[in-house]
Amino acid sequence: MADDTIFDKIINKKIPATLVYEDDYVIAFNDINPQAPVHVLVIPKTKLIDFVAIAAAPSDLVSGFMQGVSKTAKALGLAEHGFRVVFNTGKDGQQSVAYLHAHILGGRQLAWPPG
């Protein structure tokens, strides 16, 4: 499919990624351009374009995705000291791939405001 994103290709095993968590709803893998000691992307296995698309998505998909983000952070050992979850949406939000994804950032004290 011509409009396949890099995330579609990762899910379909056409591009390799270093997976750190996977379940029925999500896959999580290391970001290739990390912005913190831990920087993982979590994507739903059912494609949604962006965070706004969650409003029309089936509740089991949304729940499974959000739980997958939480389970990934826990599996990475970030639950005790904390972490940040970021959703970039649209041009002004700096969304670079037209596929919903959560950034989990951690492994150090994070600054505020973020940008």
Side-chain angles (χ1 to χ4, degrees):
M1 179 181 283
D3 62 342
D4 277 357
T5 69
I6 190 169
F7 297 159
D8 292 295
K9 293 174 183 174
I10 289 171
I11 286 175
N12 293 321
K13 310 293 188 212
K14 294 179 182 175
I15 294 178
T18 304
L19 299 185
V20 297
Y21 179 81
E22 182 173 11
D23 65 22
D24 291 341
Y25 292 96
V26 304
I27 64 168
F29 50 91
N30 290 322
D31 193 296
I32 61 169
N33 185 25
Q35 301 299 305
V38 177
H39 187 170
V40 168
L41 301 178
V42 184
I43 61 175
K45 289 183 174 178
T46 299
K47 186 175 186 174
L48 298 171
I49 298 300
D50 58 22
F51 194 78
V52 175
I54 285 178
S59 61
D60 64 324
L61 189 151
V62 176
S63 176
F65 175 64
M66 296 304 284
Q67 288 178 5
V69 172
S70 178
K71 290 174 183 178
T72 300
K74 187 172 181 180
L76 291 167
L78 297 174
E80 181 180 348
H81 294 288
F83 56 95
R84 182 170 293 155
V85 177
V86 177
F87 293 95
N88 299 327
T89 299
K91 184 182 122 197
D92 287 352
Q94 295 294 309
Q95 183 178 2
S96 60
V97 179
Y99 196 119
L100 174 65
H101 56 288
H103 295 257
I104 298 176
L105 300 146
R108 66 169 166 80
Q109 179 70 51
L110 300 170
W112 194 262

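Counting begins at 1 with the first residue of the sequence.
The two atoms that bring Asn88 and Gly93 nearest to each other are CB-O, 3.1 Å, heavy atoms only. Pairing each heavy atom of Phe65 with each of Leu100, the nearest pair is CE2-CD2, 3.7 Å. When all heavy atoms of Asp23 and Gly68 are compared, the closest pair comes out as OD2-CA, 4.1 Å. Pairing each heavy atom of Ala102 with each of Val85, the nearest pair is CB-CG1, 4.1 Å.
Residues Arg84 and Trp112 are in side-chain contact: their nearest non-hydrogen atoms beyond the backbone lie under 4.5 Å apart. Between Glu22 and Lys45 there is a side-chain heavy-atom pair separated by less than 4.5 Å.
Of the possible polar contacts, none joining the Tyr21 side chain to the Val42 backbone as a donor-acceptor pair under 3.5 Å is found.
Note on residues 52-63: pairs passing side-chain hydrogen bond (donor to acceptor under 3.5 Å, both in side chains), not counting sequence neighbours, are Ser63-Gln67.
Connectivity analysis of hydrophobic side chains (ILVMFWY, heavy atoms under 4.5 Å, direct or indirect) links Leu110 to Val86, Leu105.
For Phe29, the ring-ring contact (aromatic ring centres under 6.0 Å, His included) partners two or more places apart in sequence, or in a different chain, are Phe7.
By the 4.0 Å N-to-carboxylate-O rule, Lys47 lies close enough to Asp8 to be salt-bridged with it.
Tracing side-chain contacts under 4.5 Å through hydrophobic residues (I, L, V, M, F, W, Y), one never reaches Val52 starting from Phe87; they form parts of separate clusters.
In this structure, the separation between CG on Leu41 and CD1 on Ile27 is 10.0 Å, given to the nearest 0.5 Å.
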